[in-house]
Amino acid sequence: MTSQHQAEQLFHGVLADEYHFLERVCPAAADISRRVGEFVATWNGTPAAGALSALELGCGTGITTACLLGGRRDLRLLSVDNAPAMLRQARAAHATALAEGRLVLREADALSALGDLPDDSVDFVASAYTVHNFLSGYRHRVLTEVLRVLKPGGVFVNGDRYALDDPAAHLAATQDEVRGYFRVFLGEMNRPDLLEQWVVHLFSDESEEHIMRLTPALAEMAGLGYAEITRHFRDGVNALVSGIKPWR
Ligand SMILES: C[S@@+](CC[C@H](N)C(=O)[O-])C[C@H]1O[C@@H](n2cnc3c(N)ncnc32)[C@H](O)[C@@H]1O
């Protein structure tokens with residue numbers, strides 16, 4: 001197995017401990033989290049009886065987790081993340097749902113968590129701003145596993161950073177992001193430590209081994225066998241995408 005297929009630990013130090021500054025540098029993220037939750041809340045393929053089983057990949061501090069849990073009482077959610085500092089915050093934010101048994105939080109990388117699940121066992125796999133962090137080979141294996149664990153008719157919904165297909169437009173969007181980091185972290189907050197970590201992280205997102213462009217990403221899902229692949233929303237690099245596991 002090459003390094004392209006391995007999980008990475010990208011969220012630690014100040015980036016993880018002060019992840020809440022996301023709302024200052026990427027206000028669109030909260031909207032995407034809300035859209036993921038709304039998508040799940042309004043999905044009408046609910047089974048006749050029983051709770052909906054859902055898996056969240058890369059729950060981080062639990063922002064999208066809250067949108068998922070808030071949208072439906074009948075959700076039984078397993079949320080996984082491989083960064084202890086992020087999960088600690090998710091545990092604190094979701095003490096009630098954890099105590100009620102509506103939520104399980106597990107420290108695991110996405111591929112390992114999927115590997116533990118049986119075929120055809122999950123109604124939803126949801127994620128926000130996580131899949132773009134994966135190395136491309138690892139991402140391919142995760143998408144393959146998501147399809148395996150979904151029940152026929154089950155849905156994968158991903159709100160994420162999908163790079164623009166036009167490289168020049170994408171470069172301009174990325175440069176705007178960097179200007180925003182400088183404005184917030186240096187101009188408004190005088191936090192060069194955070195600026196450094198966010199810029200370093202952006203270089204990871206933008207690298208050849210990680211970058212997730214929208215059209216190739218949709219084609220990859222189609223190639224793996226997802227059906228009804230839909231881009232529901234697109235604003236700059238932010239997009240909401242879903243695909244279902246076909247009925248056999
Ligand atoms: C940008 S944060 C998004 C967090 C959350 N989904 C949200 O909407 O705020 C990405 C998260 O994915 C996690 N992550 C990255 N790679 C992972 C992997 N291979 N397995 C599990 N979690 C991963 C990181 O630790 C981080 O918490």
Side-chain angles (χ1 to χ4, degrees), residues 1 3-40 54-71 77-94 103-117 124-146 156-162 177 181 194 197-198 200-202 204-207 209-210 212 237-241:
M1 189 172 43
S3 61
Q4 280 274 69
H5 295 83
Q6 287 164 3
E8 297 177 298
Q9 270 268 4
L10 299 168
F11 289 78
H12 47 76
V14 287
L15 185 67
D17 294 340
E18 300 183 70
Y19 185 71
H20 56 276
F21 286 125
L22 173 77
E23 67 186 22
R24 298 279 296 276
V25 287
C26 183
D31 177 60
I32 288 286
S33 294
R34 183 188 60 75
R35 287 175 189 274
V36 171
E38 196 176 270
F39 181 93
V40 172
L55 170 68
E56 182 190 11
L57 302 177
C59 60
T61 59
I63 298 168
T64 307
T65 316
C67 299
L68 291 166
L69 291 170
L77 181 60
L78 167 62
S79 294
V80 304
D81 201 288
N82 69 348
M86 299 294 270
L87 265 184
R88 252 194 313 276
Q89 296 170 65
R91 287 205 179 93
H94 293 295
L103 172 66
V104 172
L105 288 171
R106 184 178 302 158
E107 185 182 327
D109 82 273
L111 197 56
S112 309
L114 285 158
D116 288 343
L117 297 174
F124 271 105
V125 177
S127 194
Y129 291 108
T130 294
V131 177
H132 80 274
N133 288 288
F134 296 164
L135 288 159
S136 57
Y138 181 88
R139 180 155 61 229
H140 191 79
R141 296 175 69 202
V142 165
L143 292 171
T144 304
E145 280 290 274
V146 166
F156 172 56
V157 57
N158 189 35
D160 217 325
R161 176 186 170 84
Y162 284 92
E177 275 181 87
Y181 293 178
L194 278 170
Q197 291 309 310
W198 278 80
V200 165
H201 185 84
L202 188 62
S204 171
D205 288 349
E206 293 299 308
S207 70
E209 306 83 40
H210 294 88
M212 181 169 77
V237 296
N238 307 291
L240 184 74
V241 165

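Both ligands and their constituent atoms are indexed starting at 1 by order of listing. All of these numbers come straight from a predicted model, not from anything done at the bench.
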Would you say Met212 and Asn158 make side-chain contact, with heavy atoms under 4.5 Å?
yes

In short, Ser127 meets Leu57 closest at the heavy-atom pair OG-O, 2.8 Å

Ser127 contact mode with ligand 1 (heavy-atom cut-off under 4.0 Å):
neither

May I ask you to identify, for Asn82, whether its side chain, its backbone, both or neither come under 4.0 Å of ligand 1 on a heavy-atom basis?
both

If you measure every N/O of Ala110 against every N/O of ligand 1, is any gap under 3.5 Å?
yes

Using a strict cut-off of 4.0 Å, indicate which atoms of ligand 1 neighbour a heavy atom of Ala7.
19 (N)

Classify the side-chain pair His210/Glu8 by whether it contains a donor and acceptor separated by less than 3.5 Å.
yes

Looking at ligand 1, does Leu10 have a heavy atom less than 4.0 Å from it?
no

Atoms of ligand 1, numbered as shown, that sit under 4.0 Å from any heavy atom of Asn133:
10 (C)

Distance filter under 4.0 Å to Ala128 heavy atoms, resulting ligand 1 atoms
3 (C), 5 (C), 6 (N), 8 (O)

Selection from Gly60, Ala83, Ala29, Gly58 by shortest heavy-atom distance to atom 6 (N) of ligand 1:
Gly58

Would you call Glu206-Arg161 a salt bridge at under 4.0 Å N-O?
yes

Out of all atoms in ligand 1, which are within 4.0 Å of some heavy atom of Met86? Include the element for each.
27 (O)

How close does the nearest protein non-hydrogen atom get to atom 24 (C) of ligand 1, and which residue and atom is it?
Phe11 CD1, 3.3 Å

Separation of Phe11 CZ from Thr130 OG1 (nearest 0.5 Å):
7.0 Å

Just need the protein heavy atom nearest to atom 2 (S) of ligand 1, so name the residue and atom and give the distance.
Tyr19 OH, 3.4 Å

For atom 8 (O) of ligand 1, the protein heavy atom that lies nearest, with its residue and separation
Thr64 OG1, 2.5 Å

Can you tell me how far the CG atom of Asn133 sits from the OH atom of Tyr138, to the nearest 0.5 Å?
11.0 Å

Look at the rings of His201 and His132 and say which category their plane angle falls in: under 30° parallel, 30 to 60° tilted, over 60° perpendicular.
perpendicular

With a 4.5 Å limit on heavy-atom distance, are the side chains of Cys67 and Val36 in contact?
no

Rounded to the nearest 0.5 Å, how far apart are CG of Leu78 and CG of Leu103?
8.5 Å

Considering non-hydrogen atoms of the protein only, which is the closest contact for atom 16 (N) of ligand 1, and what is the distance?
Phe134 CE2, 3.4 Å

Which part of Ser33 is near ligand 1, with near meaning a heavy atom under 4.0 Å away: side chain, backbone, both or neither?
side chain

Tell me which one of Leu135, Thr61, Thr130 gets a heavy atom nearest to atom 11 (C) of ligand 1.
Thr130

Is there a nitrogen or oxygen of Asp109 sitting under 3.5 Å from a nitrogen or oxygen of ligand 1?
no

Geometric N/O contact Asp81 with ligand 1, under 3.5 angstrom:
yes

Does a sphere of radius 6.0 Å around CZ in Arg34 hold more than 12 heavy atoms from other residues, nucleotides or ligands, not counting ones at 6.0 Å or beyond?
yes

Just so I know, are the side chains of Leu111 and Phe134 near enough to count as touching, which here means a heavy-atom distance under 4.5 Å?
no

Looking at Tyr138, which atoms of ligand 1 are within less than 4.0 Å of one of its heavy atoms?
18 (C), 19 (N), 20 (N)

Between Tyr129 and ligand 1, does any nitrogen or oxygen pair lie at a separation below 3.5 Å?
no

Ala108 heavy atom under 4.0 Å from ligand 1
yes

How long is the straight-line distance from CG of Asp116 back to CZ of Arg106, given to the nearest 0.5 Å?
6.0 Å

